[in-house]
*Asks:* 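The structure is given below, and queries will be raised subsequently.
What you see is a predicted model, and the numbers here were worked out from it, not measured in a lab.
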Amino acid sequence: TDSQTPAVHRFAKGSNGKPTFMREFFESIGKIQAILNQGRANIKLMESVLEESLQATTQDKQKEVSGQLRTLADDTKSHLQFIKDTLQQLSTRSEEEERCLPNSAEGRIRVNMQQAVAKKHQQLLVDFQKVQLEHKQSLERRQTQEMEILMPDATPEERADMMEAGDSTQLIFAQRMAGAHALLLDEVQQI
């Protein structure tokens with residue numbers, strides 16, 4: 001390439017006609033940006049599905065919403081992993097390029113862009129963890145409320161112990177119904 005060739009074209013293809021690293025770098029950054037946008041969209045969708053899960057009144061609806069949340073969470077995890085892996089590959093390749101051309105303007109551009117994308121990745125991870133935590137806490141609050149309705153005479157500690165032991169509200173309700181059924185049978189037999 002001669003000195004008259006604009007820098008953009010120099011970066012676009014090497015002397016062998018293959019894309020240069022800077023071109024590959026920008027393409028990878030573009031892919032990461034697209035995946036970041038998909039991850040953000042998933043998180044927004046998770047927030048709305050979370051609201052839907054809190055309003056679900058049937059077991060079937062709760063299972064459906066849980067399935068949607070699980071799918072979105074898995075998809076977002078794969079996005080986060082893709083971004084992490086791609087950033088690591090870019091970093092490794094950038095270090096190799098930096099050894100060949102130390103302190104170049106291209107190297108500074110790569111470092112700045114990687115740092116900016118890494119911050120966005122970190123923010124996406126924080127937002128994802130926040131949504132997951134909110135979901136967990138809302139499920140715990142819901143279970144606590146259901147236990148309070150089902151067992152008004154139990155102390156909060158007793159209810160907490162039962163939840164920790166894995167006793168679901170459905171199991172306790174079934175046990176109570178079975179107990180009531182047994183009491184009715186006893187009463188009928190005594191008559």
*Asks:* If you measure from the Lys or Arg side-chain nitrogens to the Asp or Glu carboxylate oxygens, is any gap between E97 and R93 under 4.0 Å?
*Replies:*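 Looking at E97 and R93, the cut-off is met.
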*Asks:* Any side-chain heavy atom of T86 sitting closer than 4.5 Å to one from K31?
*Replies:*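 Counting from C-beta outward, T86 and K31 never come under 4.5 Å.
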*Asks:* Is a side-chain donor or acceptor of E98 paired with a backbone partner of N103 at a separation under 3.5 angstrom?
*Replies:*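 Present.
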*Asks:* Hey, are K61 and E64 close enough for a salt bridge, meaning a charged N less than 4.0 Å from a carboxylate O?
*Replies:*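 Result for this pair is yes, salt bridge flagged.
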*Asks:* So, the side chain of S138 versus the backbone of H135: is there a donor-acceptor pair under 3.5 Å, distance only?
*Replies:*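 A pair under 3.5 Å: yes.
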*Asks:* How many angstroms lie between atom CG of L125 and atom NZ of K77, to the nearest 0.5 angstrom?
*Replies:* 11.5 Å
*Asks:* Output the distance between atom CD (Q89) and atom NZ (K84), rounded to the nearest 0.5 Å.
*Replies:*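 One finds 12.5 Å between CD of Q89 and NZ of K84.
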*Asks:* Between the main-chain N or O of L87 and the side-chain N or O of S91, is there a donor-acceptor pair closer than 3.5 Å?
*Replies:*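 Looks like no, no N/O pair under 3.5 Å.
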*Asks:* Report yes or no: do L72 and I43 belong to one cluster of Ile/Leu/Val/Met/Phe/Trp/Tyr joined by side chain heavy-atom distances under 4.5 Å?
*Replies:* yes
*Asks:* Would you say that more than 12 heavy atoms from the other residues, nucleotides or ligands in this model lie under 6.0 Å from the CD of E148, or not?
*Replies:*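 Atom CD in E148 is packed in, count exceeds 12.
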*Asks:* Return the CD to CD1 distance between Q33 and I83, rounded to the nearest 0.5 Å.
*Replies:*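 Spacing of CD (Q33) from CD1 (I83) equals 9.0 Å.
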*Asks:* Drop me the distance from Q68's CD to R70's CZ, to the nearest 0.5 angstrom.
*Replies:*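 If we round to the nearest 0.5 Å, Q68:CD and R70:CZ are 11.0 Å apart.
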*Asks:* What residue among T71, V131, L69 forms side-chain contact (heavy atoms from CB on, under 4.5 Å) with V49?
*Replies:*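 Per the side-chain contact (heavy atoms from CB on, under 4.5 Å) rule, the option paired with V49 is L69, out of T71, V131, L69.
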*Asks:* If we only count heavy atoms from C-beta on, is the L133 to Q129 side-chain gap below 4.5 Å?
*Replies:* no
*Asks:* Is there any salt bridge (charged side-chain N to carboxylate O under 4.0 Å, His left out) pair reaching into residues 125-137, and which pairs are they, with sequence neighbours excluded?
*Replies:* K136-E140
*Asks:* Out of curiosity, L36 CG to I32 CD1, how far, rounded to the nearest 0.5 Å?
*Replies:*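 Reported value, rounded in 0.5 Å steps: 7.5 Å.
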*Asks:* Establish, from distance only, whether the side-chain atoms of Q81 and D85 form a donor-acceptor pair under 3.5 Å.
*Replies:*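 Result is yes, a qualifying pair exists.
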*Asks:* Going from CG on N37 to CG on N42, what distance comes out if it is rounded to the nearest 0.5 angstrom?
*Replies:*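 Here the interatomic distance stands at 11.0 Å.
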*Asks:* When the side chains of residues 109-121 are checked against the rest of the protein, which donor-acceptor pairs come out under 3.5 Å, sequence neighbours left out?
*Replies:*
| unit_1 | atom_1 | unit_2 | atom_2 | d |
| --- | --- | --- | --- | --- |
| R110 | NE | S94 | OG | 3.4 |
| N112 | ND2 | R108 | O | 3.3 |
| Q114 | NE2 | L90 | O | 3.3 |
| H121 | NE2 | L80 | O | 3.1 |

*Asks:* In the structure I gave you, are the side-chain heavy atoms of I35 and Q38 within less than 4.5 Å of one another anywhere?
*Replies:*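 In short, these two side chains touch, coming nearer than 4.5 Å.
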*Asks:* Taking the side chain as every heavy atom from C-beta outward, state whether E96 and F21 have any pair of such atoms under 4.5 Å apart.
*Replies:* no
